[in-house]
Structure formats: C-alpha cells, structure tokens
There are 2 protein chains.
Amino acid sequence: MQANLPHLQSTFTTDCVIFGFHEGALKVLLIERNEYPFKGWWALPGFFVDHSETIDDAVKRILYEHTGLRGIFMEQLYTFGDLKRHPQGRIITVAYYALLRLDDLKSQPEPVTDYARQAVWHPLDDLPELAFDHRHIIDKAIQKIRRKISYSPIAFELLPEKFTLTQLQQLYEAIWGRKLDKRNFRKKMLNYNILKELPEFQRGVSYRAARLYKLDKRKYAKVFQNELTFSR
Amino acid sequence: MQANLPHLQSTFTTDCVIFGFHEGALKVLLIERNEYPFKGWWALPGFFVDHSETIDDAVKRILYEHTGLRGIFMEQLYTFGDLKRHPQGRIITVAYYALLRLDDLKSQPEPVTDYARQAVWHPLDDLPELAFDHRHIIDKAIQKIRRKISYSPIAFELLPEKFTLTQLQQLYEAIWGRKLDKRNFRKKMLNYNILKELPEFQRGVSYRAARLYKLDKRKYAKVFQNELTFSR
DNA sequence: ATATAGTGTGTATTTATTACACTATCATAA
DNA sequence: TTATGATAGTGTAATAAATACACACTATAT
C-alpha cells in the first residue's frame, strides 16, 4: 500500500492552516491539489514529512514554498489520526496553524509547488468543500486562535508592523465573530501598555487620518500571563 | 532500521502522562522499561500505534493495561518529533495526558505489561531521570493542565466523586504550586454554582468532619466558557 | 482539662468590567 | 462653497469581581 504513495518518505503528513487578515476579514490559504487522492480539490497546503527533518522544519518548508517568506509565526495545532481520514490508509497528519501579515505578501509572487495547481486566499466564512478532514482541521484552528488571542499577543502577527487601533479591533471582531465596544476596547488595549504610539498617521480612502501604533516588544512577554476579554 | 524495532506496526508511538492526586500531591504513573532502548529506565507508559487503531484507541489501551480502568479522562497534548528524541531514528510520538481518580484504583491491582517491569506512582516534584524526551513531555503536560484548570472543570477528574472544598483547594494549589486564600477560593468556587452540597460529611484522622460536595453535571458545561483565576 | 489540627465564615477596599453618545476631521459630491 | 457622510477619538458613572484579612468552633488525643 505504501508503494502507491507519492513521495514516500514517511507515513505521516503535516498540514498547515495559514491565516491572513485583509480588509476586515480572516482568510485561509488553500491550494488546488494536482495529485491523487483528491486531485482537483481544495485542500490545506501540506505534505509528507521527510525522515531527516523535524515536523517544524517540514511546516516551515511548506510555508516558504507557498508564501516565499520565512520567520512566519506558526504553532502546532493537533494530530489527526482517524482511520478513515485518508483514502490510502491510516495516515496521520500533524496539523499546524500559521499567522501571516498579508501586506508582507503584496510584493511577493505566490510560488506554486508541483503538487498544487494554484494557491488562493479564501475568506473563512465562505470556504469550498475540502479534501480529507481539512475542514475539521480549520475549525479546530479557529477555536484555537479564538482562545489564544485572549491570553497572548498572537493577534499582532496578523497585522502589519504599524497598525491603527481600529484595525486591531476589527481583527479581534473577525476572530471572535462579534462586535466590541470601541471605547472599552481602546481603554483595555492601551492599559496593557504593550502598544507604542507612533508619531505617524494612516489615511484611508475618504475618512480622517488615524493614529498608528506598533507592538512594544519589550513589554510583549508580560501579556502572556494576562487574559484579555471583552464582553462588547 | 525499522526491522530492529520491536512490535513494528507503525512508525510512530504514543505516550501518556497519567496524573493522579493523592494526599495533597500530584503524581505521575511511570513504568520501568523492560525493553531496549532505555531498558531499566523509568519512562511514560506508551507504545507503537497499530495501523488498525486510532491514536485515541491506542491511548485507551495503554490506560487500561496500566490501570485496569476504562472511561478515564484523556486528551491529546502535543506531538514530539525531534530528530534525536529516539535513538533508533526520527520516531515521533503523539503525547496524551490523562487524569485519574486515584481512589478508583485502590481496589484494583496494577496490571503490568510485557514491556514494563513495574508501574509506580511518582510525585511530580521528585521524578527520576527519564527515558527519551519524557521529562520534557511531562513538563508540557503540567503547563497544559495549569492553564486548563482555570477555564474548564478538568480538576474534578482527579478527585473522587464526593470531595471536600479543602481537597479541591489543595488540588488547585498542587497544580499551580502556590497557596490560595481559603475564603476567596470557596466564595468563588461556590459562586460558579457547579457544585452540589451533599448532606454528608467526611471525617479525617484527627479533625472536624468536613462537608462533602459533588460536581453538578447539569451545570458543568457552563464553566467551560469562564476563566477561573485566583490570586491568593 | 488542655492542646492540636482542621473547618467554616464576613466585610471593606480596590480593581476591572460594563454601558453608553457626542464632537472633530477629512473627503467627496452637489 | 457648502452640505453630507464616513470615520476617529474621547469620559464617566454603575456594577461586578477580586483581593486582603482573623477568629471562633469542633472533634480528637493526651
């Protein structure tokens, strides 16, 4: 059975849920598979893990192949091992998620690997049908970041280096799927004292210029112990 | 290389950190290995996962072999895949943790498998040197339950069905490694309204009888959304 | 009878969360 | 030039939660 597997280097794979945030919406990078099984289906980028590399390295490789970027924030999510998740037998997958600054990507081309016909950003609330159990994996990834943004500063991984408080709030709103109160959000965020006010402003299309902030990395770590919560 | 592996059914293993709570101390169940590699060393119970079983099933099997119990609370922890974690090559392990009511075990014998010479409860603050990266796995498991007891009622999995508030508090203190204020602890715990006061009391060795409580399972689920925190 | 070990209880203070509405600025269209 | 619309930015009062803190009671053992 294993002899049928393409690129047989291992009996397990890794898949990565790559999140991006653009224009107020959370998005996931999906590939159109160019190999069996599920040829032509949309799927998470992922592949068999080589015997000579760690799982982390395999994920970094996948991220680089699909974004041309290195040093992206990523974290292990869960290992899925259902008997029927893969048509070729019980092949487990170690799933990761990654958070990407979409603006970093603008100038970059989107490299395509030999096993993917194309890679496309899909808004989270409008996903196509997916190969394997990948829909399930994405759901688990969302649950994870929903919790995690309340006790660690991972949200900033999705924003450009300089961002407005409105952008930050929209990101929290997108991930939690509910509106927050602007004044309470700002009060709390600024109270954490991890943001540095910049002397710069950002102007939108037809509205007032907005103050830019950036994360103060010296104070970054402290937040890891706090829980951020917002009721509205 | 694979031909050297005992019980070759797969190229990955699962290991389980089994926690118990007894006499105010957190304990972990360790086995003394009776097979190479690390023969004679202390290690987490774990084994190769069969091609025909899910990872969850493999862990349940391990739990049953070592405790004689079924239906134990368990959850996946993390998948470890360092290149050097296993002397026989890059063999990944999907680690789980389980929470056990030690009093359930009293009448039960402790079954011993063919690959373990003995299984012994070790207090967490006094562990022997361990095989593979098992010390690292245990550390990660502790971090996990430290966080998790503050937003989900998993702590009750470590207590007998009927318990006193003092026992509950001692458990939180053992997991967090710090003392809590008795009055504040009780106030908060009872406010969550998930405990049912029983008409029974428990008497200790030389002290006043203490009120027994049990978890009210109807209200159990609500707590999953709350965060429990205690400063002292 | 006395010492010991553990149970159970209340209040005041501080801090965090929540609810809520208007003005200023800029860009655009009339 | 003026009006309109979209967005930025700001404060306070009410409520809820977290915190700090000490003593009296009971059962048992000596």
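On a predicted model such as this, the values are computed, not experimentally measured, just so you know. Below, chains carry the letters A, B, ... as their sequence lines are ordered, and counting in each starts from 1.
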Send over the distance from B:N193 CG to D:dA16 P, rounded to a whole Å.
-> 16 Å
Could B:E173 and B:R178 be called an ion pair, given the rule that one side-chain N must be under 4.0 Å from one carboxylate O?
-> no
Hey, would you say the A:W42 and A:H122 ring centroids sit under 6.0 Å apart?
-> yes
Parallel, tilted or perpendicular, as decided by the 30° and 60° cut-offs, for the rings of B:F47 and B:Y115 = tilted
Atom pairs under 3.5 Å: protein N/O with N/O of nucleotides 10-12 of chain C:
from: C:dG10; atom 1: N1; to: B:R183; atom 2: NH1; distance (Å): 3.4
from: C:dT11; atom 1: O4; to: B:K187; atom 2: NZ; distance (Å): 3.0

Distance in angstrom units between A:F185 CZ and C:dA16 P, rounded = 18 Å
Side chains of A:E75 and A:Y97: donor-acceptor distance under 3.5 Å anywhere?
-> yes
Indicate whether OP1 or OP2 belonging to C:dG8 is found under 4.0 Å from a side-chain N or O atom of B:R211.
-> no
Mind checking salt bridge (charged side-chain N to carboxylate O under 4.0 Å, His left out) for B:R146 and listing every partner two or more places apart, or none if nothing turns up?
-> none
Please list each protein N or O that sits under 3.5 Å from an N or O in nucleotides 22-25 of chain C, with the distance.
from: C:dA24; atom 1: N3; to: A:R208; atom 2: NH1; distance (Å): 3.2

Please say which of B:K182, B:R211, B:R186 ends up in a side chain to side chain donor-acceptor pair (under 3.5 Å) with B:T166.
-> B:R186
Ring centre gap for A:F80 and A:Y78 strictly below 6.0 Å = yes
